[in-house]
Asker: 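Encoded as C-alpha cells, here's the structure I'll be asking about.
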Amino acid sequence: MSRKDLHEENEERHEPRDKNDLTDLEKDPDIEEDGKLDTEVVEDALEASPKTRNFTGWKRYTFMIIAVVGALYHLYILNLNPIDPWVFRSTHILFGTVLTLMFYKGWKTESNRIPILDWVMIGAAIFVGYYIFANLSTLVFRFGVTPTTLDVVVATVGILLVLEITRRTSGWTLPILAGVFILYSFAGPYLPGILNHNGYSFERFATYIYGLDGVFGVTTDVSSKYIILFIIFGAFLQMSGVGQYFIDVAFRLAGWMRGGPAKVAVFSSGLMGMINGTSAGNVVATGSLTIPLMKKTGYRARFAAATEATASAGGQLLPPIMGAGAFLMAEITGIPYSEVILAATIPAILYFVSVYFMVDFQALKEGLKGLPAKMLPDKMYLLKKAYLFIPIVLLIGLLISGYSVIFAGTVGIIVCFILSLFSSETRMGFMNVLEAFELGMKNALQLIAIVACAGIIVGVIALTGVGQRFSTMLLTIADSNMLIALVFAMILSIILGMGMPTTAAYAVAASVVAPGLVRMGMEPILAHMFVFYYAVISAITPPVALAAFAAAGITGTNPMKTAAEAFKIGLAAFIVPFMMFYSPELLLLSDSTLSIALATITALVGVYFLSAAVQGWFFRKLSPWYVRAVLLVIAVLLMLSSLYTDIIAVGLIIVAMLMQKYINKDKPKAREKKSQPTTRSGKQMNMT
C-alpha cells in the first residue's frame, strides 16, 4: 500500500469528520440557531470552478443580458410563436456557444479576461447562426446532398465549435469519442466485418452531420424544448427558496434517523438530480452540504462521497423529469411522455429503496446516530411553508392530466415566482428574476454542448448504418442465448456512457443498442429503459465514474476507491433492468393489478436482501460469507416474477435466519465508539 493510501485509510478510520475541526456539531456554521439549515454557505459550483470566469463590470452585464434574452427567447418561442425547427435549434446552440465561450475558460489560467481568440470564435458562431437563418429555404435541399463550398465551410466551423464548447464544459472524453466516430466515417472502407462501409466525402459528411440528422437532430430538439425549460424551472426553484425548502424537509424527515445525513443525501440529491440533469453537477451542488454532515455524524469520508454520488446519479431515474431522460425517451420512441414516467416509477423506487437500505445497514454496522432534534429544521416553520410544494405538485398534476410538457414547465416557473412573494425571505424582485433567468441559462450550457456533441455521434451512426449492424449482431446472439445478449447490451451501454453525462450517454446507447433489443422482441419502452439505466449508472461505474470522481473531489478521497464504493452502493441499479425484463409488470406492462402489486412487493423484498448481502448485515448482526451468499440467492429469486422462485426464496430466508442464529456465533458488532461524532483525537463529541 502506498503512503498516500495508508494516510487516507488512517484518516477514514480515525477522523470521520471534515477539515473544520469543529468540537461540537451544534457550532456548525451550516446550521442556524433557529434550526433552519443555511445552505447559503455553499458556493455556486459553477462560480467557484477554476474552469469558469468571474465577470465584473461591463462583461458581467453583457453576459447577463445575453443570458436573460436567451431564456426569454426560448420561453417566447415555445409558448407563443413557434418557428422553423432548424432555425430554433440553431439559435438554441448559438446562445449556448456564445455564453459558453464567454463563461468557460479555454485553458488553465487565473485571468478572467476573454482572449481575442474567444471573441473570434464568438463572431464565427454568430455568422454560422445567421447563415442558417438567411439561407434556410435552400439549405434544406443542399445540406448533405449537393452542398456549396461555403456550406461546407460553415458546417465545418459549426462542428468544431460544438467540439470546443463540449471540451470546455465537460472535458475531453465526449469530444474524443465524437472524434473517433468522425474518423470512422472516413475509415469505414478499410475496416473489417460489421464496421465496414463505403466511406463518405468530407463535403457530404460535414453538411450531413451539421444538419437535422446530426447536430440539430433529436438530441438538440429535446434540449431546446424541454431541457432548457426545466433547467430554468430549477433555477427558479432555487432562487424562490423552494429548492432550499426541499432540503429542509428532507433533513426534518430523515435527519433524526440513524445515519440521518446519509438518508437526507439520498432524498435531497435524488430530488434535485431529477431536475438538473447532470449527476456530477448535482454532486457538487448538494454534496457540498450533505457530505460534510455525513462525515460529522460518523460516516467514513469515502462512504459519504459514494452515497452522494449514487443518490445524485439515481436522480436521473426519478420521474417526472428524470434529468431530461423522460423527454428524450418520449421523443426517440414516440411513446407518450405520460407512459414513460409511469413506467419509470417502480424501478426508480426500487433503486432508492436499495440505496436507503445500503446506508441504513452501514449505520447499523457503525453504530451511528442521527442528528439531535435541536439541529433539525423547525417543524412549525416547515408546516407554515408547506405551500412551497405547490410547484412540484402542480407540475406532476398537469403532466398526468395530459397538458403539454412545455405548458406544465412554464406554469411551474410562474408559480415559483408567485410563491416567492409570500415571504420576505424569498421574495423575488426584478433583479432576482433576471438572476434566475441568467442562472438557468448558465446551468444549461453544459447540457446544450453535450447534446450537440451527442448529435454528431448519432449522426455518424445514422450515416454509416453501424447501429443497424449492431442490432443484427445482438439478434444473432439472442438466437443462442437471450441472457448473454442482455449482458452484452448492458456492457456496451455502460462503455458508451463512461465519461459522458447521462443525456449524451443515453442518446448514443439509444442509437446503437436499443434498436437491437427491440428487434429481439422487447417492448420499445423496456428496451429504452434498459439502456437508459446503464447510461445513468455509468456515472458510478469504474474506471470512469464522473459522479463518484466529483464526490471524491469534495472529500479528498481516492477517486477510484470512491467509485468502487459507489458501485457497491448502487449495485441494485445493475440488476433492476434485468428485473424489468423478467418481470415486465414492474414497468406496468400488464393488465393485472394483482400481478403488478405482487411483482413490486417481491422486488422490494429482493432489494432488501440484496443490500443485506452486499453490506453483510442480517438478523441484527454481521453475516459471514456463506450467509451473504444465501442472501444473494434469495435476492435474485425474489426479483424473478414467478411464484415458484418466491416459494424457494421464503424457504431460503428461513435457512439464512437459522444460520445466523445457530451457526454464526458472532455477536452484533456495531462500532459503539462511532455512535457519536468524534474529534480529531478520537474523543466523542457532545451531541446534546
Side-chain angles (χ1 to χ4, degrees), residues 217-231 273-279 313-351 395-396 399-400 402 404-406 408-409 447 450-451 454-455 457-458 461-462 467 471 486 489-490 492-494 496-497 500-520 522-539 573 576-577 579-581 584 586-589:
V218 64
T219 54
T220 299
D221 178 39
V222 171
S223 173
S224 62
K225 290 196 299 189
Y226 306 128
I227 293 178
I228 186 71
L229 178 66
F230 278 90
I231 290 180
M274 169 186 70
I275 296 171
N276 67 17
T278 57
S279 52
Q316 319 289 296
L317 305 171
L318 196 61
I321 301 174
M322 297 167 65
F327 311 128
L328 190 56
M329 192 178 299
E331 201 75 21
I332 292 174
T333 62
I335 298 171
Y337 170 80
S338 57
E339 291 184 21
V340 172
I341 60 173
L342 286 175
T345 301
I346 295 176
I349 291 172
L350 293 175
Y351 178 87
L395 173 69
I396 296 173
L399 291 173
I400 293 177
S404 73
V405 176
I406 293 171
L447 281 173
I450 286 167
V451 296
I457 299 173
V458 172
I461 292 170
S471 297
L486 290 176
M490 174 192 73
L492 192 57
S493 298
I494 292 175
L496 289 173
M500 293 202 296
T502 303
T503 309
Y506 168 63
V508 175
S511 300
V512 176
V513 183
L517 297 178
V518 173
R519 291 185 66 194
M520 286 161 49
M522 292 175 65
E523 291 283 342
I525 184 66
L526 175 55
H528 281 266
M529 203 67 75
F530 188 93
V531 300
F532 179 67
Y533 257 71
Y534 291 116
V536 168
I537 59 180
S538 64
V576 166
M579 294 168 61
M580 293 187 293
F581 176 77
L586 297 177
L587 291 178
L588 306 182
L589 298 177

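For the single chain, residues carry numbers from 1 onward in sequence order. Note that the structure is a prediction, hence the values are computed from the model and not measured.
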Asker: What is the minimum heavy-atom distance between A348 and L317, and which atoms define it?
Answerer: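 Scanning both residues completely, I find the closest heavy atoms to be CB-O, 3.3 Å.
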Asker: Judged by atom type as modelled, is there a donor-acceptor pair below 3.5 Å linking the side chain of S223 to the main-chain atoms of T219?
Answerer: no
Asker: To the nearest 0.5 angstrom, please state how far the OG1 atom of T220 sits from the CD1 atom of I450.
Answerer: 12.0 Å
Asker: So, for I525 and A343, which heavy atoms are closest and what is the spacing to 0.1 Å?
Answerer: CG1-CB, 4.0 Å
Asker: Flag the pair L517 / L486 as yes when at least one side-chain heavy-atom distance between them is below 4.5 Å, and no otherwise.
Answerer: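 Sidechains of L486 and L517: in contact.
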Asker: Once rounded to the nearest 0.5 Å, what's the spacing between atom CG of L395 and atom CD1 of I321?
Answerer: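 Spacing of CG (L395) from CD1 (I321) equals 5.5 Å.
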Asker: To the nearest 0.5 Å, what is the distance between CG on L229 and CD1 on I406?
Answerer: 7.0 Å
Asker: Identify the heavy atoms of A313 and A539 that sit nearest to each other, and give their distance.
Answerer: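 It is CB-CB, 4.5 Å.
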Asker: Distance from M322 atom CE to F532 atom CZ, nearest 0.5 Å?
Answerer: 4.0 Å
Asker: In chain order, what residues pass the side-chain contact (heavy atoms from CB on, under 4.5 Å) check against T333, with sequence neighbours excluded?
Answerer: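 So T333 forms a side-chain contact (heavy atoms from CB on, under 4.5 Å) with M329, I335, H528.
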Asker: Please find the pair of heavy atoms, one from A505 and one from G497, that lie closest to each other, and give the distance.
Answerer: CB-CA, 3.5 Å
Asker: Applying side-chain contact (heavy atoms from CB on, under 4.5 Å), can you list everything that pairs with S224, at least two apart in sequence or on another chain?
Answerer: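 Result, side-chain contact (heavy atoms from CB on, under 4.5 Å) vs S224: F88, R89, H92, D221.
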Asker: Which pair of non-hydrogen atoms, one from V576 and one from P347, has the smallest distance, and what is that distance?
Answerer: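 Shortest heavy-atom separation between V576 and P347 comes out as CG1-CB, 3.8 Å.
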Asker: Measure the spacing between CG of L318 and OG1 of T345 and express it to the nearest 0.5 Å.
Answerer: 8.5 Å
Asker: Taking the side chain as every heavy atom from C-beta outward, state whether M274 and P319 have any pair of such atoms under 4.5 Å apart.
Answerer: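 SC-SC contact between M274 and P319 ruled out.
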Asker: Go through the structure and list residues passing salt bridge (Lys or Arg N to Asp or Glu O under 4.0 Å) with E523, not counting sequence neighbours.
Answerer: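 E523 satisfies salt bridge (Lys or Arg N to Asp or Glu O under 4.0 Å) with no other residue.
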Asker: Run the ring pair (Phe, Tyr, Trp, His ring centres under 6.0 Å) test against F327 and tell me which residues pass, sequence neighbours left out.
Answerer: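 Scan of F327 (ring pair (Phe, Tyr, Trp, His ring centres under 6.0 Å), adjacent residues dropped) gives Y226, F230, Y337.
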Asker: Quick one: ring pair (Phe, Tyr, Trp, His ring centres under 6.0 Å) partners of Y351, sequence neighbours excluded?
Answerer: none
Asker: State the OG1-CD1 distance between T503 and I227, to the nearest 0.5 angstrom.
Answerer: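 Those atoms lie 4.5 Å apart.
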Asker: Would you say F530 and V513 make side-chain contact, with heavy atoms under 4.5 Å?
Answerer: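 No, side chains not in contact.
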Asker: So, using ring pair (Phe, Tyr, Trp, His ring centres under 6.0 Å) as the criterion, who are the partners of Y533 when residues are at least two apart?
Answerer: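 For Y533 there are no ring pair (Phe, Tyr, Trp, His ring centres under 6.0 Å) partners, ignoring immediate neighbours.
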Asker: Go through the steps for I346 and L587 under the test side chain to side chain contact (heavy atoms under 4.5 Å, CB included), then give the verdict.
Answerer: CA-CA 7 Å; I346 295 176; L587 291 178; over 6 Å; no
Asker: I need the minimum non-hydrogen distance between I461 and S511, along with the two atoms involved.
Answerer: CD1-CB, 3.8 Å
